[in-house]
Amino acid sequence: AYDPRTDFAPVINTAGTPMLISAHKDFPANTLQEFIALLQANPGKYNYGHGGIGSTSHLTCVYFHHLIKAPVQQVPFRGSGPAMNALLAKQLDYVCDQTVGIVPQLTNLKTYVVATPKRLEVAKDVPTSQEGGLPEFQAVGWNAIFAPKDTPKEIVDKLNAAGRAALADEAVRKRLLDLGCEIPAGEGLSSQALAAHVRAEVDKWTPVIKAAGVTAQ
């Protein structure tokens with residue numbers, strides 16, 4: 001057991017990966033509101049796949065179902081990739097996944113929502129949760145660099161500077177943006193900003209996880 005707020009030295013938040021909800025092409029709903037209504041009217045009928053208990057793809061769907069108060073069957077996979085393959089084969093009804101998983105398959109799926117305040121440049125036709133009538137559904141995966149606890153500040157600062165330099169590289173930026181990632185800027189690149197972000201994420205997700213009764217398996 002460890003506490004991510006205190007047991008590591010935060011270095012830099014490198015990229016956010018907004019979450020989207022996508023169904024297979026033949027799923028009957030065409031909008032987020034139709035999708036929600038269908039799940040609410042048919043408790044337990046539909047299923048979703050995810051990359052494993054506690055994964056981002058799992059907890060985002062847990063959060064979504066918590067908001068709309070609709071019970072749905074879950075199908076765990078060993079990673080989001082196998083879940084996506086099952087969705088494309090119509091063996092699943094839908095997934096909640098990050099841009100890096102959904103964006104390459106946008107034309108092969110029905111994508112109802114991106115859980116961010118603004119539309120994505122790489123998925124301009126996908127409405128935001130605000131536009132879809134569920135503004136509280138906000139979820140972004142994120143990737144960051146941490147060092148061992150008690151790493152000297154000068155080392156953390158040196159690593160942070162290296163991370164900033166990498167994220168300023170045009171080839172790196174283009175690759176991340178093409179995948180639908182959000183790249184922090186300004187103070188968002190500081191180690192202090194990452195520490196605050198971790199605390200905020202723990203505060204946000206802990207009650208959702210407890211309410212859903214999610215445990216490690």
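Atom NZ of Lys204 is surrounded by more than 12 heavy atoms from other residues, nucleotides or ligands within 6.0 Å. In Arg175, the CZ atom is not crowded: 12 or fewer heavy atoms of neighbouring residues, nucleotides or ligands sit closer than 6.0 Å. Environment of CD in Glu121: sparse, with no more than 12 heavy atoms of neighbouring residues, nucleotides or ligands closer than 6.0 Å.
Transitive grouping of hydrophobic side chains (ILVMFWY, heavy atoms separated by less than 4.5 Å) brings Val114 and Leu106 into a common cluster. Both Leu134 and Tyr63 are members of a single hydrophobic cluster when ILVMFWY side chains are connected at heavy-atom separations under 4.5 Å.
Of all non-hydrogen atoms in Pro148 and Ala9, the two that sit nearest each other are O-CB, 3.4 Å. What you find for Thr116 and Pro18 is that their closest heavy atoms are CG2-CB, 3.5 Å. Nearest heavy-atom pair across Cys181 and Thr17 is SG-CG2, 3.8 Å. Shown here for Thr56 and Gly141, the closest heavy-atom pair between the two residues is CG2-CA, 4.3 Å. Residues Ala83 and Leu92 approach most closely at O-CD1, 3.4 Å, considering heavy atoms. When all heavy atoms of Ala29 and Lys110 are compared, the closest pair comes out as O-NZ, 3.3 Å.
In this structure, Asn42 contributes its side chain and Leu38 its backbone to a donor-acceptor pair below 3.5 Å. Thr151 places no side-chain N or O within 3.5 Å of a backbone atom of Ala147 that could act as its donor or acceptor partner. In this structure, Glu136 contributes its side chain and Leu67 its backbone to no donor-acceptor pair below 3.5 Å. Glu201 places no side-chain N or O within donor-acceptor distance of the main-chain N or O of Val198, the cut-off being under 3.5 Å. The closest donor-acceptor contact from the side chain of Asp93 to the backbone of Tyr46 lies at 3.5 Å or more, if one exists at all. When atom types are taken as modelled, the side chain of Gln73 and the backbone of Gly44 share a donor-acceptor pair closer than 3.5 angstrom. Although no hydrogens or angles enter the test, the distance criterion places no donor-acceptor pair under 3.5 Å between the side chain of Tyr112 and the main chain of Leu20. Side-chain atoms of Ser57 come within 3.5 Å of backbone atoms of Gly51 as a donor-acceptor pair (strictly under, hydrogens ignored).
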Side chain to side chain donor-acceptor pair (under 3.5 Å) between Ser129 and Gln138, intermediate numbers included: CA-CA 7 Å; Ser129 48; Gln138 300 288 313; 2.9 Å; yes

Criterion side-chain contact (heavy atoms from CB on, under 4.5 Å) on Leu59 and Val208, from CA distance to verdict: CA-CA 8 Å; Leu59 295 182; Val208 173; over 6 Å; no

Step-by-step side-chain contact (heavy atoms from CB on, under 4.5 Å) determination, Leu194 to Leu189: CA-CA 7 Å; Leu194 175 56; Leu189 290 166; over 6 Å; no

Candidate pair Leu177 and Ile183, rule side-chain contact (heavy atoms from CB on, under 4.5 Å), full reasoning: CA-CA 8 Å; Leu177 293 172; Ile183 304 173; 4.0 Å; yes

Derivation of the side-chain contact (heavy atoms from CB on, under 4.5 Å) call for Val140 and Met19: CA-CA 5 Å; Val140 177; Met19 304 300 294; 5.7 Å; no

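A perpendicular orientation is assigned to the rings of His24 and Phe27, their planes being inclined by more than 60° (bins at 30° and 60°). Using bins of under 30°, 30° to 60° and over 60° for the plane-to-plane angle, the ring pair Tyr94/Phe35 lands in the perpendicular bin. The aromatic rings of His58 and Tyr48 sit parallel to each other, their planes meeting at less than 30°, with 60° as the upper class boundary.
Residues Val113 and Thr128 are not in side-chain contact: their nearest non-hydrogen atoms beyond the backbone lie 4.5 Å or more apart. With a 4.5 Å cut-off on side-chain heavy atoms, Val122 and Thr99 do not count as touching. With contacts defined as side-chain heavy-atom distances shorter than 4.5 Å, the pair His50/Ser80 does not qualify. Within the 4.5 Å cutoff, the side chain of Gln74 has no heavy atoms near those of the Cys61 side chain. Contact annotation: the side chain of Met84 approaches that of Ile102 to within less than 4.5 Å [non-hydrogen atoms, C-beta and beyond]. With a 4.5 Å cut-off on side-chain heavy atoms, Ser191 and Val11 do not count as touching. The side-chain heavy atoms of Ile145 and Thr14, taken from C-beta on, include a pair separated by under 4.5 Å. Side-chain contact between Ile21 and Val95 is absent, with no heavy-atom pair separated by less than 4.5 Å.
Donor-acceptor pairing under 3.5 Å is lacking for the side chains of Trp142 and Glu182.
To the nearest 0.5 angstrom, His197 atom NE2 is 12.0 Å from Ser190 atom OG. From Ile12, atom CD1 reaches atom CG of Asn160 across 4.5 Å, with rounding to the nearest 0.5 Å. Rounding to the nearest 0.5 Å places NZ of Lys149 at 9.0 Å from CG of Asp3. For the atom pair His66 NE2 and Ile209 CD1, the distance stands at 11.5 Å (nearest 0.5 Å). If you take CG on Asp157 and CZ on Arg164, they are separated by 9.5 Å, rounding to the nearest 0.5 Å. Rounding to the nearest 0.5 Å gives a distance of 11.5 Å between CG of Leu120 and CG of Asp125.
The pair Asp203-Arg199 does not count as a salt bridge, with every side-chain nitrogen at least 4.0 angstrom from each carboxylate oxygen. Taking the charged nitrogens against the carboxylate oxygens, Asp169 and Arg173 have no contact shorter than 4.0 Å, which rules out a salt bridge.
Residue Leu179 belongs to a hydrophobic cluster whose other members are Val100, with links defined by side-chain heavy atoms closer than 4.5 Å.
Within the structure, the salt bridge (charged side-chain N to carboxylate O under 4.0 Å, His left out) test picks out the following pairs touching residues 14-33 (sequence neighbours left out): Asp26-Lys90.
Between Phe137 and Phe64, the distance separating the two ring centers is shorter than 6.0 angstrom.
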